[in-house]
Amino acid sequence: MDLQNELMHRLEDSEDEMIEIRRYLHAHPEISFKEKQTAAYIKKFYRDLDCQITDYGDGYGFVVDIDSGHPGPKLGLRADFDALAIQEDNDLSFKSQVPGVMHACGHDGHTAYLMVLAKHLIALKDHLKGSIRIIHQPAEEVSPGGALSMIADDVLKNVDNVVGIHVMSSMETGMIGYHSGETQTGRSNFTVKFTGKGGHASMPHLSNDAIVAGSYFVTALQTIVARRINPFDTASVTIGSFDGVGSYNAIKESVTLKGDVRVMKESTRKLVRKQIEQIIHGVESMFGVTAELDYDDNYPVLVNDPKLTDQVVTSLKAASLPEVNEVSDCGPQDPSEDFAYFAQKVPSCFFYVGCMTDDHANHPHHSPDFMMNEKCLLIAAKAAGTVTLNYLMHA
């Protein structure tokens with residue numbers, strides 16, 4: 001039996017099934033750490049298949065183990081299944097039925113392709129070597145993320161490597177992108193509350209204006225990247241929320257700001273945090289306010305293992321999949337991913353499948369009008385299937 005051709009034909013015949021699953025998940029989204037019904041739906045799919053299902057972590061994560069019965073390595077394949085707290089703007093027959101919740105990042109597609117791929121790998125398992133651990137992970141979007149508790153619960157025990165895929169609306173459908181080494185940014189989030197003394201706008205000298213202090217803080221933050229980060233390094237510092245709502249003639253006693261930090265080196269993470277803390281202390285002294293800082297260093301830099309990445313790319317290029325017209329290094333990617341936690345524990349590879357719509361319209365991730373080209377589902381399934389077969393049969 002030519003396993004590659006057999007698996008590819010099976011996936012082609014199941015493309016409609018992938019789309020159906022994706023559309024069901026899209027219409028019934030659940031936010032991070034609340035994915036009870038989503039997990040139940042996925043588990044039901046496997047109920048009558050010859051595999052073992054085991055829960056992991058403190059959320060709704062679980063794995064499907066596929067054992068060939070023959071010696072060999074153990075490969076993890078991971079997909080996430082949480083949605084975002086976003087109101088969908090798209091006019092689709094399968095539009096989200098949950099107000100204020102939407103699959104705006106493609107996790108419905110990740111789960112759909114992996115479910116169908118897993119079904120066919122189960123059917124072909126007697127012809128494989130080693131074993132496959134299908135990792136269905138919740139809560140990728142919200143810190144601390146779903147990966148951490150699954151890892152703490154030994155989800156990676158005896159797993160040699162992990163592979164993951166993310167669909168990308170910024171990449172043309174038919175493109176597979178990859179990068180070796182530092183591939184996605186690490187992330188930190190922080191909340192800082194400045195408290196001064198409120199008062200009447202006509203008597204500012206009797207108050208300590210928290211809005212002025214907060215505004216100076218926002219401006220001073222810009223010097224971190226401009227003057228403290230090596231120009232050949234990468235970092236961004238963003239204030240995404242400034243809660244200073246009040247009256248036109250009242251000086252605010254307190255304001256709360258929320259910020260986001262992205263880096264490509266863990267050493268840069270430490271430097272940025274130190275600078276933010278120093279600036280806060282300076283603002284306290286200058287404006288006579290006090291500050292409360294809640295700083296969350298969460299997702300690490302995602303580092304793709306060079307050896308495994310080379311193996312993945314070689315197998316994808318050699319397969320010459322008809323739906324794929326390009327396999328290329330897309331360079332580092334800006335967003336953060338809690339797949340990085342898997343990559344910290346075992347050599348891993350996270351790569352990308354383009355899902356740009358045919359009209360090339362802009363439907364960015366995390367936007368109310370995010371949209372994917374569903375042709376990407378078959379491409380992702382074939383890519384992950386190709387990598388899996390090559391990994392297990394040539395180990």
Side-chain angles (χ1 to χ4, degrees), residues 7-8 11 14-15 18-19 21-22 25 42 63-64 75-82 103 105-121 132-137 140-141 146-147 159 161-180 183-184 302-305 308-317 319 321 323-324 326-333 335-343 346-356 365 370 372-391:
L7 180 59
M8 297 302 109
L11 293 173
S14 298
E15 184 176 14
M18 293 182 215
I19 293 173
I21 292 172
R22 183 259 164 165
L25 292 171
I42 302 169
V63 305
V64 176
L75 177 66
L77 298 177
R78 175 269 201 178
D80 38 19
F81 57 79
D82 57 326
H103 270 292
C105 199
H107 298 183
D108 49 347
H110 300 169
T111 299
Y113 94 75
L114 189 57
M115 288 168 64
V116 173
L117 172 61
K119 179 180 75 170
H120 292 303
L121 290 172
I132 306 162
R133 170 158 285 186
I134 304 295
I135 303 172
H136 284 293
Q137 185 212 303
E140 187 278 328
E141 296 288 0
V159 173
N161 301 100
V162 181
V163 170
I165 289 175
H166 205 300
V167 297
M168 297 294 280
S169 65
S170 58
M171 297 182 185
E172 291 195 12
T173 302
M175 174 184 177
I176 293 178
Y178 68 89
H179 189 65
S180 185
T183 298
Q184 290 197 213
L302 195 162
V303 181
N304 274 341
D305 179 71
L308 180 63
T309 301
D310 182 67
Q311 182 179 344
V312 165
V313 172
T314 299
S315 64
L316 289 172
K317 289 183 176 180
L321 301 174
E323 299 84 3
V324 177
E326 181 181 356
V327 179
S328 61
D329 189 336
C330 59
Q333 298 298 299
S336 303
E337 244 287 347
D338 81 341
F339 183 90
Y341 288 121
F342 294 115
V346 299
S348 300
C349 179
F350 196 69
F351 64 98
Y352 312 97
V353 169
C355 70
M356 186 181 293
H365 294 258
F370 171 78
M372 72 167 66
N373 187 330
E374 290 178 324
K375 295 174 185 176
C376 74
L377 301 177
L378 178 60
I379 296 173
K382 282 191 168 187
T386 295
V387 169
T388 300
L389 292 186
N390 180 75
Y391 178 92

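Note that the structure is a prediction, hence the values are computed from the model and not measured. If you read the sequence from its start, that first residue is 1, and numbering goes on from there.
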Is there a side-chain contact between E337 and D80 in this structure, where contact means two heavy atoms from C-beta onward sitting under 4.5 Å apart? yes
M372 vs D108 side-chain heavy atoms within contact, under 4.5 Å: yes
Quick one: does C330's side chain get under 4.5 Å of M168's, heavy atoms only? no
Check: Y352 ring centroid to H166 ring centroid under 6.0 Å: no
First locate atom CE of M175, then atom SG of C376, and finally report the distance between them rounded to the nearest 0.5 Å. 14.0 Å
Can you tell me how far SG of C355 sits from CD of E374, rounded to the nearest 0.5 angstrom? 10.5 Å
If I compare all heavy atoms of F351 with all of G177, which pair ends up nearest, and what's the gap? CB-O, 3.3 Å
Can you give me the closest heavy-atom contact between H179 and D329, atom names plus distance? ND1-OD1, 2.8 Å
Considering residues at least two apart in sequence or located in another chain, which fulfil the side-chain contact (heavy atoms from CB on, under 4.5 Å) criterion with T309? Y178, S180, N304, V313, C349
For V162 and L308, the nearest pair of non-hydrogen atoms, with its separation, is O-CD2, 4.0 Å
With rounding to the nearest 0.5 Å, note down the distance linking NE2 in H107 to CZ in R22. 12.5 Å
Run L25 and F81 through side-chain contact (heavy atoms from CB on, under 4.5 Å) and show every step you take. CA-CA 9 Å; L25 292 171; F81 57 79; 6.0 Å; no
What distance do E326 atom CD and I176 atom CD1 have between them, rounded to the nearest 0.5 Å? 10.0 Å
Heavy atoms, side chains only, cut-off 4.5 Å: are I134 and L114 in contact? yes
Side-chain H-bond candidate by donor/acceptor type, N161 with Q311, under 3.5 Å: no
Residue pair F342 / Q137, side-chain heavy-atom distance below 4.5 Å: yes
What donor-acceptor contacts under 3.5 angstrom involve side-chain atoms of residues 377-387, with partners at least two apart or in another chain?
| from | atom 1 | to | atom 2 | distance (Å) |
| --- | --- | --- | --- | --- |
| K382 | NZ | E12 | OE2 | 2.6 |
| K382 | NZ | E323 | OE1 | 3.2 |
| K382 | NZ | E323 | OE2 | 2.8 |
| T386 | OG1 | Q4 | NE2 | 3.0 |
| T386 | OG1 | K382 | O | 2.8 |

Kindly indicate whether the side chain of Y391, heavy atoms from C-beta on, has any atom under 4.5 Å from the side chain of V163. no
Just wondering, more than 12 heavy atoms not from K119 lying within 6.0 Å of its NZ? yes
Does the side chain of L11 reach to within under 4.5 Å of the side chain of M18, using non-hydrogen atoms? yes
Is there a side-chain contact between I21 and I42 (heavy atoms, below 4.5 Å)? no
Side chain of Q184, backbone of Q333: donor and acceptor closer than 3.5 Å? no
Please walk me through it: do Y113 and V167 pass side-chain contact (heavy atoms from CB on, under 4.5 Å)? CA-CA 11 Å; Y113 94 75; V167 297; over 6 Å; no
Quick check: closest heavy atoms across D305 and P347, and the distance to 0.1 Å? CG-CB, 3.6 Å
Full working for side-chain contact (heavy atoms from CB on, under 4.5 Å) between R78 and E140: CA-CA 11 Å; R78 175 269 201 178; E140 187 278 328; 3.4 Å; yes
Quick check for you: to the nearest 0.5 Å, what is the distance between H136 atom NE2 and M115 atom CE? 6.5 Å
Could you give the distance from CG (N390) to CG (L316), rounded to the nearest 0.5 Å? 8.5 Å
